[in-house]
Amino acid sequence: MTRPAKPIHHFIGGRVAAPSSSRTQEVTNPATGAVTGHVALADGADVDAAVAAAQAAFPAWADTPPIRRARVMFKFLELLNLHKDELAHLITAEHGKVFTDAQGEVSRGIDIVEFACGIPQLLKGDFTDQVSTGIDNWTLRQPLGVVAGITPFNFPVMVPMWMFPVAIAAGNCFILKPSPTDPSASLRMAELLKEAGLPDGVFNVVQGDKVAVDALLEHPDVKAVSFVGSTPIANYIYETGARHGKRVQALGGAKNHMVVMPDADIDQAVDALIGAGYGSAGERCMAISVAVLVGDVADKLLPKLIERTKTLKVLDGENLAAEMGPIVTKAAHERITGYIALGEQEGAKLLVDGRGFDATTAGKDNGTDTANGFWMGGTLFDHVTPAMRIYKEEIFGPVLGCVRVHDLKEAVDLINDHEFGNGVSCFTRDGNVAREFSRRIQVGMVGINVPIPVPMAWHGFGGWKRSLFGDMHAYGEEGVRFYTKQKSIMQRWPESIGKGAEFVMPTAK
């Protein structure tokens with residue numbers, strides 16, 4: 001039996017809140033194409049209500065000792081570990097990624113919560129005794145106030161957790177605007193935070209589209225905005241938020257390259273390309289979408305890569321044997337198939353065409369009717385050139401293009417010339433090649449024999465060039481700095497103050 005589509009509302013002031021707007025958007029199961037929910041799309045009144053709830057909660061939460069805020073995070077961490085499979089199932093049902101990948105997403109989000117539990121240590125300031133006679137100087141890090149996160153469809157749990165655990169632990173109140181494509185996980189996280197003891201209003205969820213985004217960007221009580229998504233929207237978020245006096249970090253798009261040197265282990269390189277290129281159907285900002293094949297390595301690597309691409313296990317995400325699930329929406333499916341047709345027109349050699357995938361086979365092992373889902377197989381191009389749009393533009397799908405170059409210098413120049421600089425990888429056995437590549441490449445996150453070099457929770461995530469707008473990376477110590485402001489305090493007592501007014505610039509005495 002088909003379940004009726006559920007209404008998906010906001011979470012404001014510690015409770016599920018019905019929307020003031022009548023606008024909604026369908027939520028679908030990508031594996032079947034069935035409509036499973038109708039998510040509310042906020043208007044300005046909904047955003048105002050969320051900001052008001054956060055603003056009311058802020059003074060008491062900011063004054064809460066950091067160790068007590070950390071204890072709430074510890075309890076939230078405990079609940080996340082108890083419910084991580086539940087969250088993973090929500091991700092698979094609305095995004096489509098395979099269940100094991102969804103579990104990995106939740107685990108990487110939990111890493112950030114663990115990091116945020118150390119907030120008392122992370123908020124420590126500096127102190128200098130006797131900077132001048134009778135004067136001491138120290139610094140504090142204090143919360144900003146009400147802050148917001150605008151997050152994408154491809155990681156509905158992990159990317160919000162890049163933001164709100166650090167922001168909340170630091171004493172801020174948070175408004176999450178998740179993607180309307182897969183919104184259910186946001187409400188479950190809100191419920192778990194409340195169960196962990198987070199005061200009402202400290203964490204709020206406003207479902208919606210551009211109307212909600214613009215309302216957050218323009219609201220005078222929202223002090224900072226974090227964003228992850230495409231580069232055009234990241235640019236818009238950054239410029240609009242800055243124009244309204246907000247602190248902004250906006251992580252944009254990517255075109256991630258993986259260089260395979262002639263001395264690389266070919267089987268390892270193929271494994272890496274298959275997993276990083278087609279995992280999560282290529283719908284990752286750190287997915288490898290370009291293989292840069294150096295020297296004669298293409299002749300050794302491509303036959304194995306073709307075979308592996310053709311035999312990808314494209315199945316319903318709830319099937320534990322699945323390696324790749326469906327595309328997230330029908331519109332995304334149409335966009336990706338359009339890029340494949342464009343690659344053919346541009347003259348790239350199509351080695352494997354994912355457009356011919358038989359959707360009915362995806363659910364055969366577990367009895368799911370996948371005929372109307374948004375399915376395709378992996379696609380592989382060879383002889384891609386930098387002039388082609390399939391090279392220059394972010395496809396965000398299971399499409400891997402191979403570019404052939406003569407040597408390491410040509411590979412580095414190729415990558416450095418691209419407008420994006422999010423992630424990059426190099427497979428080699430040569431330590432000098434690895435060192436030179438790491439130093440010369442103009443990309444924010446680099447992997448040596450690591451295909452998806454997403455930094456761990458305490459290091460921070462962020463690219464270069466048009467992959468990042470703003471000065472600070474997500475999470476890690478830079479995340480703490482982003483969600484706090486530094487205050488410097490100088491102090492002396494009357495007994496050490498000399499008589500008479502001083503009219504010159506103070507100096508150390």
Side-chain angles (χ1 to χ4, degrees), residues 51-75 115-148 163-175 196-204 219-226 241-249 458 460 470-509:
V51 175
Q55 189 79 343
F58 174 66
W61 184 243
D63 275 347
T64 300
I67 188 64
R68 287 173 51 196
R69 298 198 298 257
R71 287 171 186 155
V72 174
M73 285 293 108
F74 272 113
K75 181 61 178 177
F115 172 78
C117 287
I119 202 67
Q121 168 70 17
L122 298 167
L123 289 180
K124 287 198 309 185
D126 299 316
F127 181 90
T128 302
D129 164 71
Q130 197 79 345
V131 293
S132 187
T133 302
I135 301 178
D136 304 323
N137 190 184
W138 69 91
T139 59
L140 306 177
R141 299 211 71 88
Q142 295 185 311
L144 304 177
V146 179
V147 299
M163 304 171 185
F164 73 76
V166 176
I168 288 173
N172 300 281
C173 293
F174 197 91
I175 299 170
L198 191 71
D200 293 346
V202 176
F203 181 78
N204 306 274
H219 202 293
D221 290 332
V222 176
K223 303 304 181 185
V225 175
S226 300
R243 189 168 68 249
H244 286 88
K246 304 189 190 314
R247 183 178 291 188
V248 182
Q249 59 176 190
W458 49 96
D471 299 322
M472 297 184 191
H473 291 188
Y475 64 83
E477 291 188 10
E478 288 214 349
V480 176
R481 284 192 285 271
F482 179 78
Y483 288 118
T484 57
K485 52 194 173 186
Q486 178 176 296
K487 178 182 289 182
S488 177
I489 300 170
M490 297 187 76
Q491 168 184 284
R492 68 179 176 184
W493 299 100
E495 290 78 6
S496 64
I497 300 175
K499 296 185 181 298
E502 296 183 358
F503 296 95
V504 299
M505 184 69 183
T507 60
K509 298 177 181 177

Heavy-atom side-chain proximity of [X] to [Y] below 4.5 angstrom:
{"X": "H219", "Y": "H244", "value": "no"}
{"X": "R69", "Y": "W61", "value": "yes"}
{"X": "F115", "Y": "V480", "value": "yes"}
{"X": "Q249", "Y": "Y483", "value": "yes"}
{"X": "R247", "Y": "K485", "value": "yes"}

Return yes if some donor-acceptor pair links the side-chain N/O of [X] with the main-chain N/O of [Y] below 3.5 Å, else return no.
{"X": "N204", "Y": "A53", "value": "no"}
{"X": "D126", "Y": "W138", "value": "no"}
{"X": "N172", "Y": "V146", "value": "no"}

Q: Could you give me the CA-CA distance, side-chain angles and deciding distance for I168 and M73, then say whether side-chain contact (heavy atoms from CB on, under 4.5 Å) is met?
A: CA-CA 9 Å; I168 288 173; M73 285 293 108; 4.0 Å; yes
Side-chain donor-acceptor pairs of residues 488-497 under 3.5 Å, sequence neighbours excluded:
from: S488; atom 1: OG; to: N137; atom 2: ND2; distance (Å): 3.1
from: S496; atom 1: OG; to: W493; atom 2: O; distance (Å): 2.9

Q: Only one of L123, L122, L140 passes side chain to side chain contact (heavy atoms under 4.5 Å, CB included) with T484; say which it is.
A: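 Among the candidates, only L123 passes.
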Q. Between atom CG of L198 and atom CZ of F174, what is the distance when rounded to the nearest 0.5 Å?
A.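 Reported value, rounded in 0.5 Å steps: 12.0 Å.
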Q. Atom CD of Q130 and atom CD1 of I135: how far apart are they, to the nearest 0.5 Å?
A.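 The CD1 atom of I135 is 8.5 Å from CD of Q130, to the nearest 0.5 Å.
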**Q.** Candidate pair Q486 and R481, rule side-chain contact (heavy atoms from CB on, under 4.5 Å), full reasoning
**A.** CA-CA 8 Å; Q486 178 176 296; R481 284 192 285 271; over 6 Å; no
Report the residues that fulfil side-chain hydrogen bond (donor to acceptor under 3.5 Å, both in side chains) with [X], sequence neighbours left out, ordered by chain and then residue number.
{"X": "K124", "answer": "Q121"}
{"X": "D221", "answer": "none"}
{"X": "Y475", "answer": "none"}
{"X": "Q142", "answer": "K487"}

Q. Does A70 have any side-chain contact (heavy atoms from CB on, under 4.5 Å) partners at least two apart in sequence or in another chain, and if so, which?
A.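 side-chain contact (heavy atoms from CB on, under 4.5 Å) list for A70, sorted by chain: I119, P120.
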Ignoring hydrogens, what is the shortest heavy-atom contact between [X] and [Y]? Give both atom names and the distance.
{"X": "A170", "Y": "P143", "result": "O-CB, 3.5 Å"}
{"X": "L144", "Y": "F58", "result": "C-CZ, 4.3 Å"}
{"X": "G201", "Y": "C173", "result": "O-CB, 4.1 Å"}
{"X": "G460", "Y": "H473", "result": "C-CB, 4.4 Å"}
{"X": "F482", "Y": "V248", "result": "CE1-C, 3.7 Å"}

Q) If you count the non-hydrogen atoms of other residues, nucleotides and ligands that lie under 6.0 Å from CD in E478, is the total more than 12? A)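 Above 12, so yes.
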